[in-house]
K.L.:
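Quick one: the structure is below, questions incoming.
Everything numeric in this text was worked out from a predicted model, so none of it was measured. Note: hydrogens, waters and symmetry copies are ignored here, and every other heavy atom, side chains too, is used.
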Amino acid sequence: MRKKLLSMVMAGTLALSFTACGGSSSTDTEKNTDTASTTETQTEDSKTASDKKSITIWVEKIFSDDANTKMEERLKEYEKEKDVTVNCEMVAATDFVTKLNAAIEAGQSVPDIISADTTKVLNYYPNIPCNDVTDLVNKINEERPYLQASYDGTKIDDKYYYVPFYSSSTLMFIRKDKFEEAGITKMPETWDEVFEDAKKVSDPDNDFYGLAMGCGENDDDDENTIRQYMWNEGGYLFNEDGEIVADDKVTAVFDKYAELYKDKVIPQDATTWDAGGNNGSYLAGRTAICFNAPTLYNALVSDEQYKELLDNTVVLAPPAGNENSVYMNFNRGFAVMNTCKDTDLASDVISYLLDKDWYDSYMEEIAPVFAPVFEDAKENTTWKDNKVNAQALKYVENASGYYGYPVKTIKGRTVAAKHYFTYPFVKAVNQVATGTADSSEALKSMTAAIEDFQDQVGE
């Protein structure tokens, strides 16, 4: 974003310098003999420069430098093909929201297009600064159908505030060697089987545990997984209208975690983990089952010290519950800001990034950390023949859940999205696991914390 303002200033300076150079290159003789012609040429040149369309896009950087470069190159291609100025800035994920907030508050240097996701958009409710792009999403869906989970899961109160582009996932990593030692011949397909197998392979006397699932007070990674387990067992914090409906199916999740923790199926330091605790324990060889983004797979592949661990790892989509197999939605895409002066141009840029041939090659570059969001990906060899990629796509196919699922109202989803960052859910799990509260007390505490957010969120 900082580069964005700089690039805009440089672009303006460059345009002026071109005009100045055009005037100064005329000889004195030319000026004296054909003043009218020179003046006319300068006017036309100035008009061309001032009339040239421009668009500013902030793209959130991802883990791959090559992919970031590929994105920049694609936007440069658009600039040349369409004869427009594309001001592209690649912004670090840790800086993105802060910089965007600063630009919006200042009312200047606001980009036309931004990388976006549902939580990022809802952060601004009730003054969402992104345009309704429902027509564009539906047009894209008609030409190249989205996966149903991506199409439904990114809709907010029957509107789209960003165009889905790709999705991340949370996969299940399993130590097959430990399973074989315990006589387990079948990979778990349900949560009940996961917990049963985790008990069988646990060996706490030798600092080895079946399940890498933490509940530290800011462990958002495992909070996502435990919430997903809760949905799969029919437990919900909200109903479709946004009312808090947490009941005994939610407390059953608290109690189940506490049981696994007490039985030392979960490492005893898991109550202090942050988001890196689960994958750290897996890489350290302390745990048999871990739920993590495919970045864990990349770590196993890219580092020689993990070669043996990689050889003994099976990567699968998460299990199903007794009620459903809904996964958490991690879709990301592009939003058009409401300060954009040329929304048709912004829509065209986004459509250009979704050109099938280029999009498919880009997704190959970032597989399996991000997966495509289109139906035809299921027939693409990159996502069909590679076992890990196939599991990432399977996840995205089922990722219709979101914070507050199954809330339908925009205010309800905003409450759910905003309360997430204070982690009342994982804190409740922590209280029950550590014995500082029983499940009913933890439920009351969590409910009160969420109700506070309901009062804070405006209409």
K.L.:
If we check ring pair (Phe, Tyr, Trp, His ring centres under 6.0 Å) with Y403, which of these qualifies: F453, F425, Y420, W231?
P.N.:
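Among F453, F425, Y420, W231, the one meeting ring pair (Phe, Tyr, Trp, His ring centres under 6.0 Å) with Y403 is Y420.
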K.L.:
Establish, for the pair K256 and Y229, whether the NZ or CZ atom is under 6.0 angstrom from the six-membered ring centre and no further than 45 degrees off its axis.
P.N.:
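K256 over Y229 ring: no.
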K.L.:
Take atom NZ of K186 as the centre, draw a 6.0 Å sphere, and report whether it contains more than 12 heavy atoms from other residues, nucleotides or ligands.
P.N.:
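Enclosed: over 12 neighbouring heavy atoms sit under 6.0 Å from NZ of K186.
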K.L.:
Might you confirm whether atom NZ of K384 has over 12 heavy atoms from other residues, nucleotides or ligands at distances under 6.0 Å?
P.N.:
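Yes, because the 6.0 Å sphere around NZ of K384 holds more than 12 heavy atoms from other groups.
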K.L.:
Within the structure provided, determine whether L353 and M71 are in side-chain contact (heavy-atom separation under 4.5 Å).
P.N.:
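Yes, their side chains come closer than 4.5 Å.
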K.L.:
Have a look at N278 and tell me which of D222, D219, T287 forms a side-chain hydrogen bond (donor to acceptor under 3.5 Å, both in side chains) with it.
P.N.:
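Passing option: D222.
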K.L.:
With respect to F165, which candidate in F374, Y359, F370 satisfies the ring pair (Phe, Tyr, Trp, His ring centres under 6.0 Å) definition?
P.N.:
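Exactly one candidate clears the test, Y359.
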K.L.:
Where do K249 and G234 come nearest, in terms of heavy atoms and distance?
P.N.:
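Of all heavy-atom pairs spanning K249 and G234, the closest is CD-O, 3.2 Å.
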K.L.:
Write out all pairs satisfying side chain to side chain donor-acceptor pair (under 3.5 Å) with one or both partners inside residues 162-174, taking only residues at least two apart or from two chains.
P.N.:
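Listed by first then second residue: T118-Y162.
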K.L.:
Name all residues meeting the ring pair (Phe, Tyr, Trp, His ring centres under 6.0 Å) criterion together with Y282; count only those two or more places apart in sequence or in a different chain, and write none if there are none.
P.N.:
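With neighbours one apart ignored, the set is empty.
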K.L.:
Can you sort out the partners of Y160 under ring pair (Phe, Tyr, Trp, His ring centres under 6.0 Å), two or more places apart, ordered by chain and number?
P.N.:
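With sequence neighbours excluded, Y160 shows a ring pair (Phe, Tyr, Trp, His ring centres under 6.0 Å) to Y151, given in chain and number order.
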K.L.:
Can you confirm whether K264 is buried at NZ, in the sense that more than 12 heavy atoms of other residues, nucleotides or ligands lie under 6.0 Å from that atom?
P.N.:
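Count not over threshold, so no.
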K.L.:
Using every non-hydrogen atom in the two residues, find where P111 and T339 come nearest and quote the distance to one decimal.
P.N.:
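That closest heavy-atom pairing would be O-OG1, 4.2 Å.
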